[in-house]
Amino acid sequence: MSDIIKLLPDSVANQIAAGEVIQRPASVVKELLENAIDAGASQIDLVIRDAGKSLIQLTDNGSGMSVTDARMAFERHATSKINKADDLFAIRTMGFRGEALASIAAIAQVELKTRTHDSEYGTLIRIEGSVVKSQEVNVCQPGTSFSVKNLFFNVPARRNFLKSPTAEMRHILEEFHRVSLIHPEIGFTLVHNDKEIFYLMSGSLKQRIVALLGNVYNERLLHVSQRTETMSVEGFIVKAEFARKTRGEQYFFVNKRFIKHPYLHHAVENAYQELLPRDSFPSYFLHIEIDPSNIDINIHPTKTEVNFQDTRLVYAVIHAAIKKTLGQFSLSPRLDFDSGEAELNVDFGEISRAGRPVTRPEITVNPEYNPFTNPIPVNQEWQKKQEIPTENWRLFYERQKTKEEQSEAEEKTRPERHEVVRLLQIQNSFIITPVKSGLLVIDQYLAHWRILYERYMKQLDTLRMGSQQELFPQTIQLNAGDAELLVNLLPDLMLLGFSIETMGSRTFVVNGTPEGVTDRDITAMIEHILEMYKINQTDLQLSSKQNLARSLSASLAVKHGQQLSDSEMNALIDQLFACEIPQLAPDGTKLFNTLTTEQIQQFIKQA
Ligand code: ADP
Ligand code: MG
């Protein structure tokens, strides 16, 4: 048999290689944009026709190319950016593989006009399917202009495979965003089918974000800045309240190169924690600068993946940076309860701010006080409030203390009582109370869920045993899967106040439960917790502690339909606003809102 192995002709080899680098018009846009940036351009103009199928034209005012370089640029592995293998570890340019132009030329009709700044004339090269059609001297501006026409003209399978113009254009816009966002110092224009889409002037990163995404971003952005010896993170995040329902504006850049990095994404998401409303995604524009020798970019032909030498360090720095920014920007609501005569202007926003030191209010007795001229609130629950650190409470305690000194008889003759914070439960589900700006409406279940959740998280974190209520031991039987899960959760359940023993592989004896668990069917409750735990496990990426705290608190929180006494409502509100994040349930749903006076007025007019 004769020899059958042959070398592929260059044109075919290039076509095959092109498949890796150029998947769609947007890939061409990306490569041309990157080349223009590497050439040091300060202005880049992009013209697109038919979502890039018939024309992609990019003009820059960068370095331009000499006659020889212009011809060389289309050779495979031709690059001016790397000389030796070592250079791979010091890459500061966008490109370095020397594949893009060879690939593009293999599958399109390309025209290159280029001129260096110190030469009088430029070069015009026409190349189609890797075949040079012409090369001539040309009169043009310094810089480079590429026209890429009829992409995939010689690869019909690919051309037919392209998506709708809208979809392809979306990809192009995404590439345009990725490059122009992190180069705000460069001016960009984008024209599609003769329509100007973007006219971006050079400016700051914030100006660029706003120019690309809209003026509303002016108030949405929070500045992020963190430096360590080995790296820095700079950029912007969007306030949690403007989080989007779709994953969209999530941009990581490493040394000015857009990258995707699920692990680092998690660092951001995790820093927002429960501030994000349910099913929302944080938007961010973050630039990581790090010594190129600490990263490896070369793991993907389109270079959107990067390996860090110390990913955990990068994670920690990003996490800390976002936390710091979110912490500086207080996300707690500021509520002024309308306290009537008692003048109890408690700023719960202040109280609830995480990490604030809690001090006991000073209690002094006012001997002048006469309960008959100034009715005071009477509510046992209020006496538990001593940890609330606001000057305004002083007045309250003053009265409370004096009150305790009144005799029983006096008590009975007191004028009509009323609450400091007047509370009303409606439908056994919602608590409403007047506040300075209108009417505060709270969902009792979500509020209690939040309270218990934070309590359990603290218990799990501090490794302090939760208080247990003795029970008449109850035996529960679980299926094999649930039994295994329960065994895994036992140590944490113990911290939460459960006392559970294993009796054989699927039988358990419950001797104690957390405080607050009463007359309940223990089996049903445990099953409910396990069920929620499993759902959370598949739907959400929660830590096991978060998941357990969340499942247990959801299970034990007072439900809608449960009547609450005044003191219970008081305690609920009190505890809620002592929470770190009083405004959201653990799943991110808003749990209260204020009906403003204007809204009430509007509403009345309507009716
Ligand atoms: P790479 O960018 O990986 O080096 P390319 O195939 O994209 O490979 O480009 C090959 C070479 O052509 C580059 O290294 C550069 O020297 C030159 N080049 C490409 N585009 C431009 C441009 N817009 N201006 C100046 N030189 C360019
Ligand atoms: Mg390139």
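If you read the sequence from its start, that first residue is 1, and numbering goes on from there. In each ligand, atom 1 is the first atom listed, and ligand 1 is the first ligand listed.
Checked against side chain to side chain donor-acceptor pair (under 3.5 Å), Y456 has no partners two or more places apart in sequence or in another chain. Evaluation of the side chain to side chain donor-acceptor pair (under 3.5 Å) rule for Y251 yields E174 as partners, not counting sequence neighbours.
Residue-ligand proximity: F146 is placed with a non-hydrogen atom under 4.0 Å from ligand 1. Ligand 1 has at least one atom lying under 4.0 Å from a heavy atom of S63.
Near A39, meaning under 4.0 Å from any of its heavy atoms, are these atoms of ligand 1: 22 (C), 24 (N), 25 (C). Interface of A73 with ligand 1, defined as ligand atoms under 4.0 Å from a residue heavy atom, comprises 10 (C), 12 (O). Close contacts of ligand 1 with A100, meaning ligand atoms under 4.0 Å from a residue heavy atom, involve 6 (O), 7 (O).
Geometrically, ligand 1 and L101 share a nitrogen or oxygen pair separated by less than 3.5 Å. Taking distance alone, with nitrogen or oxygen atoms compared against 3.5 Å, E31 stays at or beyond that limit from ligand 1. Between D60 and ligand 1, an N or O atom pair is found at a separation short of 3.5 Å. Of the N or O atoms in N35, one or more lie within a sub-3.5 Å distance of an N or O in ligand 1.
Two rings, from F188 and F198, have their centers 6.0 Å or more apart.
For the 3.5 Å distance criterion, the side chains of D45 and T59 fail to qualify, holding no donor opposite an acceptor.
When each of D60, N138, D69, T144 is tested with T114 by the rule side-chain hydrogen bond (donor to acceptor under 3.5 Å, both in side chains), just one qualifies, namely T144.
Ionic pairing of E219 and K239 is not present here: no N-O contact between side-chain nitrogen and carboxylate oxygen is shorter than 4.0 angstrom.
Side-chain contact between R550 and W449 is present, with at least one heavy-atom pair separated by less than 4.5 Å.
Around atom 27 (C) of ligand 1, the closest heavy atom drawn from M65, E99, E75 belongs to M65.
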